[in-house]
> 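Below you'll find the structure I mean.
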Amino acid sequence: MPETSRRHLLLGGAAVSAGALLTACTSNEPKAAGNSAPAGSAVPAADDKPGTPVTIGFAGPQADHGWLNAINENAQRRAEKYSEVTLEITEGSNDTATQIGQVQTLINKKVDVLVILPADGKALTQIGLQAMKAGIPVINLDRIFASPQAYRCWIGGDNYGMGLNAGNYIGEQLKDKPNATVIELAGMDSLELTKQRTQGFDDALKNYPNIRKVARQAADFTVESGQAKMAQLLQAQPKFDALWNHDDDQGVGALRAIAQAGRKDFLMVGGAGAKSAMDAIKADTSVLKATVLYPPTMAASAIDLARALGQKKGIGGMSELEIPASITLYSAVVTKDNVDEYLPTGFS
């Protein structure tokens, strides 16, 4: 999952349902007289009526995690909405050589557009370059390729923003508490995304001089690791005021460890936006009070972008005739106050 930069376009409302975020619009062909938009106004968005047939190749990693499974489901459901879209989806693999072979097969089939969520962005950069050189535009989903020449458009989440928003939420809850302490249950430290989430969290806490982070433990995005690492944290830290957990899947295990320890003396913030976390937030019977989104609806939006590319169109709500080069989704904080709005996007 990629680093973000100021050049990325930030889109608010990260939990927009599949189909609402990016509606294809405006052809690159010259407008007929009388149909052009007034100078300075947004280009009118086209409706969802069938257009030119488009075959989209979709390649992602193995769906061995709730979020990754939701990525595949969002892509498939979105493609099914369009009668003129044919989706060629691969089985998915965490082995880079296998995934490269799957993308090569899609290139050989001469699909119109490729959507690729690489198991390893750096390792799959060359196959992205190959597709682009073959005239097949690539939508790079989430984990970014090493070269911008390997994709036409990148769309993904904001890992730094996740940490930043989690830290600011916790900071606001504890800003009036003297000598407040927090702990962090991170993801896999071998991943750049984990480092970005931690950096964002630490930067946010700098805004609250009364708060100190006293412990951090890395897990590996599984229920079992979340339970084991949380148990270690609870044993080492008999008292603290807040916990940020990077991932709602490992958060299921963390909540088990917390319940087994009988601890209720702190608040917890999760990450990613699983339905189980949102259900717990709504019920308000545990320490989990919020989760920071990393929306898998990005896959549905990637299909919209691929359709627009294949039909030589732009996207609704923007004046440009071309789709953007990059789109960074916003990491909204879901609490009891707004959970009903975001529940439809929660993943299992």
> Between N140 and Y151, is there a donor-acceptor pair closer than 3.5 Å when you use the side chain of the first and the backbone of the second?
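Here the side-chain-to-backbone pair does not exist.
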> Inspect the contact between D247 and R197 and indicate whether a charged nitrogen and a carboxylate oxygen are less than 4.0 angstrom apart.
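Looking at R197 and D247, the cut-off is not met.
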> Report yes if the side chains of V103 and T90 come closer than 4.5 Å at any heavy-atom pair, otherwise no.
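V103 vs T90: side chains apart.
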> Does any N or O in the side chain of S331 come within less than 3.5 Å of the main-chain N or O of L293, such that one atom is a donor and the other an acceptor?
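Answer holds: yes.
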> Grouping I, L, V, M, F, W and Y whenever their side-chain heavy atoms are under 4.5 Å apart, do M298 and I89 come out in a common cluster?
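Linked within one cluster.
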> Under 4.5 Å between any side-chain heavy atoms of K213 and F201, yes or no?
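Contact flag for K213/F201 side chains = yes.
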> If only side-chain N and O atoms count, and only distance matters, is there a donor-acceptor pair under 3.5 Å linking D220 with S225?
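Yes, D220 and S225 have a side-chain donor paired with an acceptor closer than 3.5 Å.
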> When you measure from the side chain of R263 to the backbone N and O of P238, does any donor-acceptor pair fall under 3.5 Å?
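Here the side-chain-to-backbone pair exists.
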> Minimum heavy-atom separation for G157 to D142, with atom names?
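So the two residues come closest at N-OD1, 3.2 Å.
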> For the residue pair V113 and P137, establish whether any side-chain heavy-atom pair is separated by less than 4.5 Å.
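When only atoms from C-beta onward are counted, P137 and V113 do touch, with a gap below 4.5 Å.
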> If I take atom CH2 from residue W244 and atom CE from residue M162, how far apart are they, to the nearest 0.5 angstrom?
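So the gap between those two atoms works out to 5.5 Å.
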> Could you go through F240 and L234, starting from their C-alpha distance and side-chain angles, then the distance that decides it, and tell me whether this counts as side-chain contact (heavy atoms from CB on, under 4.5 Å)?
CA-CA 9 Å; F240 56 90; L234 291 169; 4.0 Å; yes
> Say whether, by atom type as modelled, one donor and one acceptor occur between the side chain of T194 and the main chain of M188 under 3.5 angstrom.
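Looks like yes, one N/O pair under 3.5 Å.
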> Should L329 and M318 be counted in the same cluster of Ile, Leu, Val, Met, Phe, Trp and Tyr side chains packed under 4.5 Å apart?
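In one cluster with L329: M318, yes.
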> Quick one: side-chain contact (heavy atoms from CB on, under 4.5 Å) partners of A63, sequence neighbours excluded?
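Listed in chain order: N69, N72.
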> According to a hydrophobic-cluster definition based on side-chain heavy atoms being under 4.5 Å apart (Ile, Leu, Val, Met, Phe, Trp, Tyr only), do V214 and V287 belong together?
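Same cluster: V214 reaches V287 through Ile, Leu, Val, Met, Phe, Trp or Tyr contacts under 4.5 Å.
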> Would you confirm whether N74, through its side chain, and R77, through its main-chain N or O, come within 3.5 Å as a donor-acceptor pair?
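It does not hold such a pair.
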> Under a 4.0 Å N-O cut-off, is there an ion pair linking D203 with K206?
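Looking at D203 and K206, the cut-off is met.
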> Considering all heavy atoms of both residues, which atom of L117 and which atom of P61 are nearest to each other, and what is their separation?
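Answer, listing the atom of L117 first, then P61: O-CD, 2.9 Å.
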> Which heavy atom of P324 sits nearest a heavy atom of C153, and at what distance?
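Here P324 and C153 meet closest at O-SG, 3.3 Å.
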> Keeping Q102 on the side-chain end and A59 on the backbone end, is there a donor-acceptor pair under 3.5 Å?
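Pair absent, no side-chain N/O of Q102 close to backbone of A59.
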> Following the transitive rule for hydrophobic clusters with a side-chain heavy-atom cut-off under 4.5 Å over Ile, Leu, Val, Met, Phe, Trp and Tyr, establish whether V252 and F347 coincide in one cluster.
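As far as the 4.5 Å side-chain criterion goes, F347 and V252 are not connected within one cluster.
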> Taking only Lys NZ, Arg NE, NH1 and NH2, and the carboxylate oxygens of Asp or Glu, determine whether E172 and K175 approach each other closer than 4.0 Å.
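So E172 pairs with K175 through a salt bridge.
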> Apply salt bridge (Lys or Arg N to Asp or Glu O under 4.0 Å) to the pair D304 and K81, showing each step before the final yes or no.
CA-CA 10 Å; D304 280 328; K81 176 178 178 179; over 6 Å; no
> Measuring only between side-chain heavy atoms, which start at C-beta, is N168 closer than 4.5 Å to V333?
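Not in contact.
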> So, do K282 and D340 sit near enough that their side-chain heavy atoms are less than 4.5 Å apart?
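Result yes, sub-4.5 Å side-chain heavy-atom pair found.
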> Can you tell me how far the NZ atom of K109 sits from the CG atom of L114, to the nearest 0.5 Å?
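Going from the NZ atom of K109 to the CG atom of L114 covers 11.5 Å.
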> Hey, does L87 have a side-chain heavy atom less than 4.5 Å from the side chain of I303?
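Touching, per the 4.5 Å side-chain cut-off.
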> Can any side-chain N or O of D112 pair as donor or acceptor with the backbone N or O of T55 at less than 3.5 Å?
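Yes, D112 side chain to T55 backbone: donor-acceptor pair under 3.5 Å.
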> I'd like to know if the side chain of D241 reaches the main chain of T181, judged simply by a donor and an acceptor atom lying under 3.5 Å from each other, with no hydrogens or angles considered.
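It does hold such a pair.
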> After noting the C-alpha distance and the side-chain angles of I323 and R152, does the key distance pass the side-chain contact (heavy atoms from CB on, under 4.5 Å) rule?
CA-CA 9 Å; I323 69 168; R152 166 59 182 82; 3.5 Å; yes
> Does a side-chain heavy-atom distance below 4.5 Å link L174 with V182?
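L174 vs V182: side chains touch.
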> Does atom CD (E84) have a neighbourhood of more than 12 heavy atoms from anything else shown, all under 6.0 Å?
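More than 12 heavy atoms, drawn from other residues, nucleotides or ligands, come within 6.0 Å of this atom.
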> Could you work out the complete set of other residues in the hydrophobic cluster of L129, with links drawn between I, L, V, M, F, W and Y side chains under 4.5 Å apart?
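For L129, no cluster forms, as it stays isolated from other hydrophobic side chains.
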> Before you tell me yes or no, could you show the steps for I183 and F266 under side-chain contact (heavy atoms from CB on, under 4.5 Å), namely the whole-Å CA-CA distance, both residues' side-chain angles and the distance that decides it to 0.1 Å?
CA-CA 10 Å; I183 65 173; F266 59 89; over 6 Å; no
> Shared ILVMFWY cluster between L68 and V223, side chains joined below 4.5 angstrom?
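The answer is no; the residues belong to distinct hydrophobic clusters.
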> State, to 0.1 Å, how close V138 and G128 come at their nearest heavy-atom pair, and which atoms those are.
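Scanning both residues, the minimum pair turns out to be CG2-O, 4.0 Å.
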> Quick one: CD on Q196 to NE2 on H246, what's the gap to the nearest 0.5 Å?
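Between Q196 CD and H246 NE2, I get 11.0 Å after rounding to 0.5 Å.
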> Please work out whether the ring planes of H65 and F221 are parallel, tilted or perpendicular, with thresholds of 30° and 60°.
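Geometry flag for F221 against H65: perpendicular rings.
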> Around E91, counting heavy atoms of other residues, nucleotides and ligands shown, do more than 12 lie under 6.0 Å from its CD?
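No, because the 6.0 Å sphere around CD of E91 holds 12 heavy atoms or fewer from other groups.
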> Compare every heavy atom of T96 with every heavy atom of A123, then report the nearest pair and how far apart it is.
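Of all heavy-atom pairs spanning A123 and T96, the closest is CB-CG2, 3.9 Å.
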> Pair N94, D64 - check side-chain contact (heavy atoms from CB on, under 4.5 Å), show working.
CA-CA 9 Å; N94 292 328; D64 54 2; 2.9 Å; yes
> Quick one: do the T198 and E184 side chains pair a donor with an acceptor below 3.5 Å?
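Note: T198 and E184 side chains meet the donor-acceptor criterion.
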> Could you give the distance from CZ (R307) to CD1 (I315), rounded to the nearest 0.5 Å?
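The CZ atom of R307 sits 13.0 Å away from the CD1 atom of I315.
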> Let me confirm one number: the CD-NZ distance from Q250 to K229, rounded to the nearest 0.5 Å.
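Interatomic distance, Q250 CD to K229 NZ, rounded to 0.5 Å: 10.5 Å.
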> For T291 and D248, does a side-chain donor sit closer than 3.5 Å to a side-chain acceptor?
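Checked: T291/D248 side chains pair up, N/O donor to acceptor below 3.5 Å.
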> Would a 4.5 Å heavy-atom cut-off, applied to side chains only, mark V54 and T86 as touching?
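V54 vs T86: side chains apart.
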> Which heavy atom of Q104 sits nearest to which heavy atom of I127, and what is that distance?
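Reported closest heavy-atom pair: OE1-CD1, 3.6 Å.
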> Assess whether a salt bridge exists between K239 and D265, defined as any Lys/Arg side-chain N lying under 4.0 Å from an Asp/Glu carboxylate O.
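Salt bridge between K239 and D265, a charged N being under 4.0 Å from a carboxylate O: no.
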> Could you give the distance from CD (Q130) to CD1 (I107), rounded to the nearest 0.5 Å?
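Nearest 0.5 Å value for the CD-CD1 distance: 4.5 Å.
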> Any sub-3.5 Å donor-acceptor pair from T125's side-chain atoms to G121's backbone N or O?
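Present.
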> Any donor-acceptor pair under 3.5 Å linking the side chain of K289 with the backbone of S286?
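Yes.
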